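As the structure is a prediction and not an experimental result, all values here were calculated from the model.
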Amino acid sequence: MQYKRILLKLSGEALMGDRQYGIDPKRLAEYATEIKQAVDKGVQVAIVIGGGNIFRGVAGASAGMDRVQGDHMGMLATVINSLALQSALDNAGVETRVQTAIKINEVAEPFIRRRALRHLEKGRVVIFGGGTGNPYFTTDSAAALRAVEIEADVILKGTRVDGIYTADPEKNKDATKFDAISFEDVLKKGLKVMDTTAFTLSQENELPIIVFDMNKKGNLLKIVSGENIGTKVDL
C-alpha cells in the first residue's frame, strides 16, 4: 500500500445521499464497504466527518443565533454522524471507535492521542467527532489537526467531484482538472481546497492532501494502493 495511515475527511452532506437532509443508510453502507476494503489491506484509517447535513453554526449565526452556540450545535451534529458511521462499519465487520473533542462519555471516548494511536495500530478505525472542540474552527481544521497529531501519511478529502478544478465543474463546463498541484499554486490561483486554517496547517507540516470522488466505487482503495485518482496537493 502507498499509504500506511490515512485521515479520511467526509462532509456531512455526503451522508445525505439523494436526500435533502439527514442521513441515508444506503450511502453509509456504501462508505463502510469502501473503508473496509482499505482496512482489509492493512491500511490504518482515521475519519473526520462534518455536520452540515444536520446543522451548520454559520447558517445559524446568519439567522440571528449566537455563533458560539451555533458552532457547539454543529459539533454535536458531527458526533451524530460519527455514531451513524460507526454503526455502519460495525455492521460491515470493522471494529471502530469514536473519539470526541467534547466529553460525551456515555456514547464515545474522549480524544486521547495515545489511545487513538493504539486503536489504529490494532487495526481499528477511529472516527474523530466534535471538530476541534472549539467554536470558529471548521471540521476541515479538525481533519488537518488530527491528521498531524496521529502522524497520518495523507489527508484524503472525499467529495462529490473527482478532484480540484480551475473553477466549479458543476457550474462551469470549461473548468479543467488538475492531476497534481502545489500548495503555493493553490494559494496563488485562489482555489478552494480546504479552509485557510486547515490548508496552512497541512502545508506547514508537509502533509499532502488528495481531493477525490468518494462516491465512485473503488476509489478509496485505488488511492491507498498508489493509483493517481483525484488531485494531489503537495509541496
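- Other residues, nucleotides and ligands place no more than 12 heavy atoms under 6.0 Å from the CG atom of D18.
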Legend entry - Residues T197, T138; criterion side-chain contact (heavy atoms from CB on, under 4.5 Å); working and verdict: CA-CA 9 Å; T197 303; T138 67; over 6 Å; no
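- In the hydrophobic clustering of this structure, V186 does not group with L156; members are Ile, Leu, Val, Met, Phe, Trp, Tyr whose side-chain heavy atoms approach within less than 4.5 Å, directly or through other members.
- At least one side-chain heavy atom of T159 sits less than 4.5 Å from a side-chain heavy atom of V211.
- Q86 has its side chain out of reach of L89: every pair of non-hydrogen atoms, C-beta onward, lies at least 4.5 Å apart.
- Atom OH of Y165 has more than 12 heavy atoms from other residues, nucleotides or ligands within 6.0 Å.
- Between L15 and Y31 the shortest side-chain heavy-atom distance falls below 4.5 Å.
- Rounded to the nearest 0.5 Å, atoms CD1 (I127) and CD1 (I47) are 5.0 Å apart.
- With values rounded to the nearest 0.5 angstrom, K36 atom NZ is found 12.5 Å from N91 atom CG.
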Inset, instruction - Step by step, work out the side-chain contact (heavy atoms from CB on, under 4.5 Å) result for I80 and I23. - result: CA-CA 10 Å; I80 291 172; I23 300 170; 4.3 Å; yes
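- The closest donor-acceptor contact from the side chain of S11 to the backbone of G50 lies at 3.5 Å or more, if one exists at all.
- The number of heavy-atom neighbours closer than 6.0 Å to NZ of K177, taken from other residues, nucleotides and ligands shown, is above 12.
- Rounded to the nearest 0.5 Å, atoms CG (D24) and CE (M16) are 10.0 Å apart.
- Summarising the geometry of R19 relative to P25, their closest heavy-atom pair is NH2-CD, 3.6 Å, with the distance given to 0.1 Å.
- A pairwise comparison of heavy atoms in M1 and S225 identifies CE-OG, 3.6 Å as the closest pair.
- In this structure, H119 and Q99 have side chains that are in contact, with non-hydrogen atoms separated by less than 4.5 Å.
- A donor-acceptor contact shorter than 3.5 Å links the side chain of E34 to the backbone of G218.
- When every heavy atom of E121 is checked against every heavy atom of Q44, the shortest pair comes out as CA-NE2, 4.0 Å.
- The minimum heavy-atom distance linking D140 with M194 is given by the pair OD2-CA, 3.4 Å.
- Looking at heavy atoms from C-beta onward, M75 lies in side-chain contact with P135 at the 4.5 angstrom threshold.
- Residue-environment remark: CG (N228) stays at or below the threshold of 12 foreign heavy atoms within 6.0 Å.
- We find that K192 and D168 are not joined by a salt bridge, their nearest charged nitrogen and carboxylate oxygen being 4.0 Å or further apart.
- Atoms CG and CD, on L235 and E184 in that order, are 10.0 Å from each other to the nearest 0.5 Å.
- Residue pairs meeting the ring-ring contact (aromatic ring centres under 6.0 Å, His included) criterion with at least one partner in residues 195-227, sequence neighbours excluded, are F183-F199.
- Of the possible polar contacts, none joining the T132 side chain to the A142 backbone as a donor-acceptor pair under 3.5 Å is found.
- Note on V224: it clusters hydrophobically with L8, by side-chain heavy-atom contacts below 4.5 Å among ILVMFWY residues.
- Here the shortest heavy-atom pairing between K4 and D153 reads N-OD2, 2.9 Å.
- Under a 3.5 Å cut-off, the side chain of R27 and the backbone N or O of A14 do form a donor-acceptor pair.
- I104 has its side chain within reach of L76: a pair of non-hydrogen atoms, C-beta onward, lies under 4.5 Å apart.
- Nearest heavy-atom pair, R5 versus I150, reported as atom, atom and distance to 0.1 Å: NH1-O, 2.7 Å.
- The side-chain heavy atoms of T100 and S82, taken from C-beta on, include no pair separated by under 4.5 Å.
- By the 4.5 Å heavy-atom criterion applied to side chains, L220 and I6 are counted as neighbours.
- Looking at K157, its side chain does come within 3.5 Å of a backbone N or O of V193 through a donor-acceptor pair.
- Atom CZ of residue F128 and atom CZ of residue R146 lie 6.5 Å apart, to the nearest 0.5 angstrom.
- We find that E151 and R113 are joined by a salt bridge, their nearest charged nitrogen and carboxylate oxygen being less than 4.0 Å apart.
- If you chain together hydrophobic residues whose side chains sit under 4.5 Å apart, L117 and Y3 never meet in one group.
- The structure places CG of N81 at 10.0 Å from OG1 of T139, a figure rounded to the nearest 0.5 Å.
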Inset, instruction - Could you walk me through whether K189 and I181 pass side-chain contact (heavy atoms from CB on, under 4.5 Å), step by step? - result: CA-CA 11 Å; K189 296 177 186 296; I181 189 170; 4.2 Å; yes
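- Salt-bridge check for E95 with K122: failed, with every basic side-chain N at 4.0 Å or more from each acidic carboxylate O.
- Side-chain atoms of D234 never come within 3.5 Å of backbone atoms of P208 as a donor-acceptor pair (strictly under, hydrogens ignored).
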Legend entry - side-chain contact (heavy atoms from CB on, under 4.5 Å) between V58 and R67, worked out: CA-CA 7 Å; V58 174; R67 172 65 189 272; 3.8 Å; yes
